[in-house]
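Everything below concerns the one structure shown next.
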Amino acid sequence: MKNHLRAVAVLATVALGTVPGAVAVATAAPVSVAAAPASAPAPVAAIAVAKPVPPVQVVRSGERIDAGRGFTVWLTEEGKHWLTPDGTENFRSVVDGNIDPSRPGVSHQSEGTAAATFHSGLFYGTKKAGKVVLTDAAGRKTSATLLELPGRPGWGVWYAHRAGSVDGVGVRLYDRDGRLLAELPPF
């Protein structure tokens with residue numbers, strides 16, 4: 001025979017260890033449960049808490065990242081590598097003296113057609129990169145994906161896809177508090 005219980009509130013807490021990473025949920029609706037042994041815990045409703053996404057994804061040296069639409073990106077201690085859909089491999093050095101890692105900066109490479117463009121580049125001179133934003137002449141903004149090697153080496157790679165041609169897109173690097181660190185005007 002089933003026992004019918006009227007639950008006024010069922011609360012789950014992480015402290016009780018019922019569901020790791022859960023938050024409490026309350027219900028005032030009647031709950032019907034089958035009779036259970038006295039030692040069994042009461043049924044608990046819980047919602048998992050999502051972890052915040054870090055602004056910069058840490059990747060291993062040489063780990064190939066699918067950047068979408070046929071592009072692949074990877075980092076090594078020497079710099080940024082990317083592969084285009086047609087199989088062309090490209091490289092942007094961080095050790096050849098062409099960037100000044102002592103102050104925040106951003107580079108920009110792009111390739112595409114009048115319909116769509118793959119934008120990518122380096123960010124450097126900061127261990128607190130928060131985001132890279134591309135802005136076109138009409139003011140449309142696109143946020144980039146950021147990658148860096150373990151240990152926050154003070155540089156990383158960003159990439160994004162945008163509709164439209166390669167022309168007229170500016171790039172801005174912000175820290176984690178939203179402060180502008182560096183920018184490249186549209187070209």
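Because the structure is a prediction, the values reported are computed rather than measured. For reference, positions follow the sequence shown, starting with 1.
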Judged by modelled atom types alone, do S61 and E77 share a side-chain donor-acceptor pair under 3.5 Å? yes

State, to 0.1 Å, how close R92 and I99 come at their nearest heavy-atom pair, and which atoms those are. NH2-CG2, 3.7 Å

Residues T72 and R64: closest non-hydrogen pair is CG2-CB, 3.7 Å

Inter-residue atom distance R162.CZ - L134.CG, 0.5 Å rounding: 6.0 Å

From L181 CG over to T126 OG1, what is the distance, rounded to the nearest 0.5 angstrom? 5.0 Å

Could you pull out the closest heavy-atom pair between W74 and E63, with the gap in Å? CB-O, 3.2 Å

Please step through side-chain contact (heavy atoms from CB on, under 4.5 Å) for the pair T135 and V169, ending with a clear verdict. CA-CA 5 Å; T135 306; V169 176; over 6 Å; no

Parallel, tilted or perpendicular for F71 and F118, by the 30°/60° rule? parallel

How many angstroms lie between atom CG of L146 and atom NZ of K131, to the nearest 0.5 angstrom? 11.0 Å

Count I, L, V, M, F, W, Y as connected when their side-chain heavy atoms are under 4.5 Å apart, and connections chain through other members. Are Y124 and V132 then in the same cluster? no

Set out, in order, the CA-CA distance, both residues' side-chain angles and the distance that settles side-chain contact (heavy atoms from CB on, under 4.5 Å) for Y174 and R172, then state yes or no. CA-CA 7 Å; Y174 296 90; R172 291 183 172 170; 3.3 Å; yes

All heavy atoms of L180 vs all of A182, minimum pair found to be CD1-O, 3.5 Å

Any idea which heavy atoms bring S143 and A160 closest together, and the distance? O-CB, 4.1 Å

Report the distance from atom OG1 of T142 to atom CG of D136, rounding to the nearest 0.5 Å. 7.0 Å

Is there a chain of hydrophobic side chains (I, L, V, M, F, W, Y, each step under 4.5 Å between heavy atoms) that links L83 to W158? no

Which heavy atom of K80 sits nearest to which heavy atom of G121, and what is that distance? NZ-N, 3.4 Å

Output field: ring centroids H119/H161 closer than 6.0 Å: no

Supply the atom-to-atom distance K127 NZ to D175 CG, rounded to the nearest 0.5 angstrom. 15.5 Å

Same apolar cluster (I L V M F W Y, side chains within < 4.5 Å links), F123/V171: yes

Check for me, please, whether V58 and V73 land in the same ILVMFWY cluster - side-chain distances under 4.5 Å, paths through other members count. no

In this structure, would L122 and L184 fall into the same cluster of hydrophobic residues linked by side-chain contacts under 4.5 Å? no

CH2/W82 to CG/N90 distance, rounded to the nearest 0.5 angstrom? 4.5 Å

Pair L147-Y159, side-chain contact (heavy atoms from CB on, under 4.5 Å): steps then yes or no: CA-CA 9 Å; L147 308 171; Y159 67 87; 3.9 Å; yes

Step through the shown structure and confirm whether more than 12 heavy atoms of other residues, nucleotides or ligands are within 6.0 Å of CZ on R103. no

Set out, in order, the CA-CA distance, both residues' side-chain angles and the distance that settles side-chain contact (heavy atoms from CB on, under 4.5 Å) for T76 and H81, then state yes or no. CA-CA 8 Å; T76 64; H81 303 259; 3.0 Å; yes

